[in-house]
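Notes follow the structure.
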Amino acid sequence: MFGFLCLLFILCGEPGLCLEEHGGFTFDGDIRRFAVATNTVYIATQEKLYQLSHDLVLVRSLTLRGILRDGTDMGGAQFNRVSDSAQWNSTFSINVLMPFVGNESLISCGGTDGGCGYCEVLDLKDISKSLHSEQIQVGPVERSDASVAVLVNVKKDPIKSETFILTAVQSKKEKPEKPEKCLSDSHTVNLHNTDNDVRRGGIFSISDEGYKPSIKVKDVDVEFVDGFQISSTIYLLSNVRSGSGNNRVRLIWLEGKSSKTQTLKSFRGATLRVSDVGGEHSRLVASSVIPGGPPVLWSGVFSVDGTGTNTELLVFDISPDLTGGKTDSDPDPDFCSGTCPKSADPKQTPKTLKPKTVLFRQSYMTSVLTVKQKTWMVFFIGTADGQLIKLAVDKNYHTTCPRVLYRASDNRPVFPKIHLDQVDHKHVYVALRNQMKRVPVSNCSTYRNVHECLSAQDPYCVWCHSKNSCTFEDDCKDSERLSTPDDFQQKVVSYKLVKNNIGQLSLIIQTHLTVKQTDQLNFACQFSGTSCRNGPSPQFPQCTCILTTGTLPAEGLPVTVRFRLGNVSLTEQLKLTNCSEIRGSPTSVLCQRCINSGCGWINNSCSWANQGVDNCWQTVHLLPHHSAEVLLSPCSYRTMFAKQ
Ligand SMILES: *[C@@H]1O[C@H](CO)[C@@H](O)[C@H](O)[C@H]1NC(C)=O
Ligand SMILES: *[C@@H]1O[C@H](CO)[C@@H](O)[C@H](O)[C@H]1NC(C)=O
Ligand SMILES: *[C@@H]1O[C@H](CO)[C@@H](O)[C@H](O)[C@H]1NC(C)=O
Ligand SMILES: *[C@@H]1O[C@H](CO)[C@@H](O)[C@H](O)[C@H]1NC(C)=O
Ligand SMILES: *[C@@H]1O[C@H](CO)[C@@H](O)[C@H](O)[C@H]1NC(C)=O
Ligand SMILES: *[C@@H]1O[C@H](CO)[C@@H](O)[C@H](O)[C@H]1NC(C)=O
């Protein structure tokens with residue numbers, strides 16, 4: 001509830017952020033696939049493949065229309081491109097688009113109207129140069145938004161490793177008939193060669209020493225959401241639906257070791273459980289690894305009830321557990337390698353993973369990208385109504401206020417994948433129907449003074465002394481920076497009202513800043529307003545003043561404090577309130593008001609800070625599903641799972 005109010009405030013309170021126009025590119029058709037490699041962005045639409053520079057300037061485009069020549073006489077069928085105006089009878093629709101930087105190639109695979117699979121290997125720097133083409137199925141042939149393809153490294157021995165294309169293809173219980181001329185060896189999860197060694201079957205071959213290993217599914221529908229590799233482990237995330245209609249979010253771990261067969265045989269599965277009770281309708285919508293493990297932390301957007309309305313951003317620890325029973329003796333309910341029983345076995349219960357935390361609740365989330373910036377995790381979240389939201393979260397999962405970085409003028413859904421600009425790391429690529437936007441991760445210059453800059457708690461921004469402005473961290477020399485601390489703080493400056501044993505009230509002020517050592521020594525505070533005299537000499541980050549008025553006026557006592565840190569100064573205006581006057585029914589909102597007024601919360605009422613605790617953990621509201629919600633600040637709430 002509070003998170004929502006805060007969001008509203010930001011949406012409407014900062015029109016500058018909402019309405020900005022950003023760099024972008026509009027395509028001839030809707031974006032089907034897009035990929036980013038070093039300084040280039042590749043985009044496949046229905047009829048064209050584009051190569052754009054990292055700042056979205058068109059380098060080249062290639063038509064996907066052509067004539068399909070049947071390979072009846074010799075060799076396979078051939079797809080010949082035609083010019084934009086020429087007659088054509090087929091379109092190569094791309095379902096797999098994968099830059100292979102080490103090989104300086106772009107792998108594009110999909111299907112043609114003939115119903116068969118088709119692949120092309122193009123020059124990474126110039127997509128108009130074709131290096132290889134072949135009629136073969138790699139990934140889905142028909143259009144599918146629920147299949148994934150990723151390059152993986154398999155260690156053959158301690159020094160040698162090989163790159164394969166892992167394809168995980170959407171699977172339906174009722175499989176459509178395929179034309180007989182283009183039958184394929186491909187199953188649900190496959191590993192294809194990337195090198196052209198004919199002795200080993202050639203490029204795209206799935207065979208391994210005479211075998212054709214794969215992972216198949218039992219009698220279930222499987223939709224893949226994401227796949228990636230972290231060190232030797234390969235992760236695959238999917239939604240699985242069996243006869244009963246219930247959905248399970250499944251994670252598969254594969255150990256990329258020795259050979260295709262061994263890698264595919266090594267799989268172990270787990271189920272991601274969103275809540276203890278219910279949850280049979282929850283679905284995984286989008287996925288992003290949180291960089292910086294181990295442990296392997298991962299964030300997922302889940303639809304709680306299977307609709308788009310009710311979505312949550314959750315964090316899981318998905319560190320691999322390959323110790324579990326061998327698949328032969330302890331089979332997986334949904335997946336199998338080698339000899340496979342046909343039907344799903346609901347009695348099998350794989351390992352269950354529960355979320356570490358709920359970070360964000362918001363309707364219609366469709367996409368997520370997680371980036372690490374200093375000690376912060378920054379989540380870029382796309383929504384079905386065309387918004388890009390940024391959420392900075394500290395290592396203790398305290399979230400700062402979400403900010404809208406971009407909003408489309410016409411409710412276009414954001415494509416599930418968001419990518420970071422790999423050249424400057426300061427922009428993200430957001431795909432919206434037929435448009436690609438390159439949105440700055442922060443606009444630090446929007447914060448006009450030191451106070452705004454620091455209280456924004458934007459991990460990308462620092463206050464730069466010499467420029468007298470708020471800038472990106474690397475636009476300012478190290479010695480000139482003043483930055484927010486490494487963890488979430490409610491304020492840049494916090495204070496406490498403390499009463500000593502002879503009844504004297506003092507005001508203790510604390511700054512929450514990261515400053516260099518020399519500036520810490522050069523720390524001073526100046527109080528204006530006659531009713532407060534300096535206490536003991538200030539020591540970074542604290543200073544104290546003793547209140548000289550007997551009572552605090554009902555309307556509050558204004559006090560102005562001026563801090564000096566090195567050659568930067570910071571002014572803060574406070575209004576001191578009599579803590580005993582903060583009264584009402586003991587809700588978390590009242591507790592929050594009490595703490596924010598420099599008071600302490602004890603026995604469900606507000607008192608002087610030294611007599612109470614300074615957080616609102618006592619005010620716990622039980623939510624459904626055995627979890628407890630605790631309000632930490634207007635924009636920050638944390639859900640704890642009481643029973644982990
Ligand atoms: C497309 O045209 C070529 C050449 O005219 C022909 O050989 C081929 O069978 C046609 N393919 C389809 C799918 O109609
Ligand atoms: C790299 O791509 C070329 C095609 O240009 C292919 O022949 C070769 O086998 C590939 N190499 C590896 C190591 O995948
Ligand atoms: C950043 O914000 C400033 C002030 O609101 C605006 O003038 C500028 O265009 C913005 N820059 C970008 C790249 O969005
Ligand atoms: C701040 O102090 C540093 C040395 O500590 C100096 O190099 C810098 O020029 C000063 N900046 C301003 C704006 O005075
Ligand atoms: C605070 O309010 C209480 C009564 O609500 C009063 O007794 C007390 O004197 C006040 N203290 C100060 C410092 O104003
Ligand atoms: C809080 O309440 C308990 C039990 O009612 C009491 O023993 C304790 O003294 C109270 N603490 C304070 C600081 O008033």
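Remember, it's 1-based here, ligands and their atoms both numbered in the order they're listed.
Cys109 has its SG atom within less than 2.5 Å of the SG atom of Cys119. Disulfide status for Cys579 with Cys606: absent, SG atoms not under 2.5 Å apart.
Using a 4.0 Å cut-off between a side-chain N of Lys or Arg and a carboxylate O of Asp or Glu, Glu162 and Arg200 qualify as a salt bridge. Salt-bridge formation is not detected for the pair Arg32/Asp145: no Lys NZ or Arg NE/NH1/NH2 atom is positioned less than 4.0 Å from an Asp or Glu carboxylate oxygen. Between Arg438 and Asp55 there is no salt bridge, since none of the side-chain N atoms of the basic residue sits less than 4.0 Å from a carboxylate O of the acidic one.
Side-chain contact between Phe563 and Glu572: present, with at least one pair of heavy atoms (C-beta onward) separated by less than 4.5 Å.
In Asn578, the part holding a heavy atom less than 4.0 Å from any atom of ligand 5 is the side chain.
Atoms of ligand 5 found under 4.0 Å from any heavy atom of Glu581 (numbered from 1 in listed order, with element): 2 (O), 4 (C), 5 (O). Those atoms of ligand 5 that come under 4.0 Å of a heavy atom in Leu505, given as number and element, are 13 (C).
Within 4.0 Å of ligand 2, protein heavy atoms come from Phe100, Asn103, Leu131, Thr194, Asp195, Asn196.
Ring geometry, Phe92 versus Tyr118: the interplanar angle exceeds 60°, so the pair is classed perpendicular (tilted spans 30 to 60°).
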